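Not measured: the values here are computed from a predicted model.
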Amino acid sequence: YLTSKAVIISFVERNEAWISRRLELQRSINGIKETYSSSTPEGRKARKEALAYLSQRAEYWAELMGVKPSKIRLSSAEKRYGSCNTRGEISYSVILMIYPQEYIDGVIVHELAHLKQMNHSKAFYKEIEKVMPDLKFNDDVTFEMFYDFEKNPITIYENNNNVGTVPVDQINYTTFNQGGNNVFNAT
């Protein structure tokens, strides 16, 4: 099963924008996981702050929705940014911290809606619409594809500190240091 170099090059060229977006996301995920690592005192402090922030946002939305999660946890999941189990326990991924508040709130509301509907039925989406009528989720599309990297900045971490946001087109990926200190350097 060999593929010619020409076919590979053609595939990469046709999908260059998608590949770039995926690399951008993965680099930011790698940085956020390092920043929020539970293996360092700084990381444990950052995780505690992230959990407090996500819990505060969840409390706000839960009150509006008339629900109350039994527990809120922080995970390091890369693919599932939120989950809710039948015991009413909600987990949010630390990866959410790279997104702006409106996207974080979208995931929070999505998981809180599971406290009323443990499925993705029309009734489930009606629960979301009650508090966020403009939010559109597509279960066939992952959350990161819901996020528009072209129009919105992403969070930049340097030496494990949030140094602000930078539009995607201003990021210089050649200075990315996988081993350590910088996730992105803005040009």
Between CG on residue L54 and OG on residue S91, distance to nearest 0.5 Å: 11.0 Å
Nearest-0.5 Å distance, CD1 of residue I98 to OH of residue Y36: 10.5 Å
Same apolar cluster (I L V M F W Y, side chains within < 4.5 Å links), V107/M118: no
From CA spacing to verdict: side chain to side chain contact (heavy atoms under 4.5 Å, CB included), E24, R21: CA-CA 5 Å; E24 291 161 13; R21 284 193 305 273; 4.2 Å; yes
Reported OH-to-CG distance for the pair Y92 and L51, which is rounded to 0.5 angstrom: 10.5 Å
Proximity of Y81 and H110 rings by center, below 6.0 Å: no
Expected output: side-chain S70 to main-chain R87 donor-acceptor under 3.5 Å: yes
Close side-chain approach of K71 and I90, heavy atoms under 4.5 Å: no
Atom CD of E89: over 12 foreign heavy atoms under 6.0 Å: yes
Rounded distance [0.5 Å steps], CE in M65 versus CD1 in I108: 11.0 Å
From CD (E111) to OG (S83), nearest 0.5 Å: 6.0 Å
Distance-minimising heavy-atom pair for L74 and S93: CD1-C, 4.2 Å
Closest non-hydrogen atom pair between Q117 and E127, with its separation: CG-CG, 4.3 Å
Check ion pair E129-K126 (N to O, under 4.0 angstrom): no
S4 (side chain) donor-acceptor with V7 (main chain) under 3.5 angstrom: yes
From CG (L112) to CG (L64), nearest 0.5 Å: 10.0 Å
Residues S76 and R47: side-chain donor-acceptor under 3.5 angstrom: yes
Heavy-atom pair with the smallest gap, counting every atom of G66 and K116: O-CE, 4.3 Å
More than 12 heavy atoms of other groups within 6.0 Å of R44 CZ: yes
Y125 and K122: CA distance, side-chain angles, deciding distance, side chain to side chain contact (heavy atoms under 4.5 Å, CB included) verdict: CA-CA 5 Å; Y125 287 105; K122 287 182 182 179; 5.9 Å; no
Minimum side-chain heavy-atom gap H120-H114 below 4.5 Å: yes
Heavy-atom closest contact (S55 atom, I72 atom, distance): OG-CG2, 3.8 Å
pair L115-C84: side-chain heavy atoms closer than 4.5 Å: yes
Atom CD of E16 with >12 non-hydrogen neighbours under 6.0 angstrom: no
Minimum-distance pair of heavy atoms, taken over all atoms of R14 and S10: NH1-OG, 2.8 Å
Side chain to side chain contact (heavy atoms under 4.5 Å, CB included) evaluation trace for M97 with Y53: CA-CA 9 Å; M97 301 309 289; Y53 172 75; 3.8 Å; yes
same_hphob_cluster(Y60, V67) at 4.5 Å side-chain heavy-atom cutoff: yes
SB check K33 E78 (cutoff 4.0 Å): yes
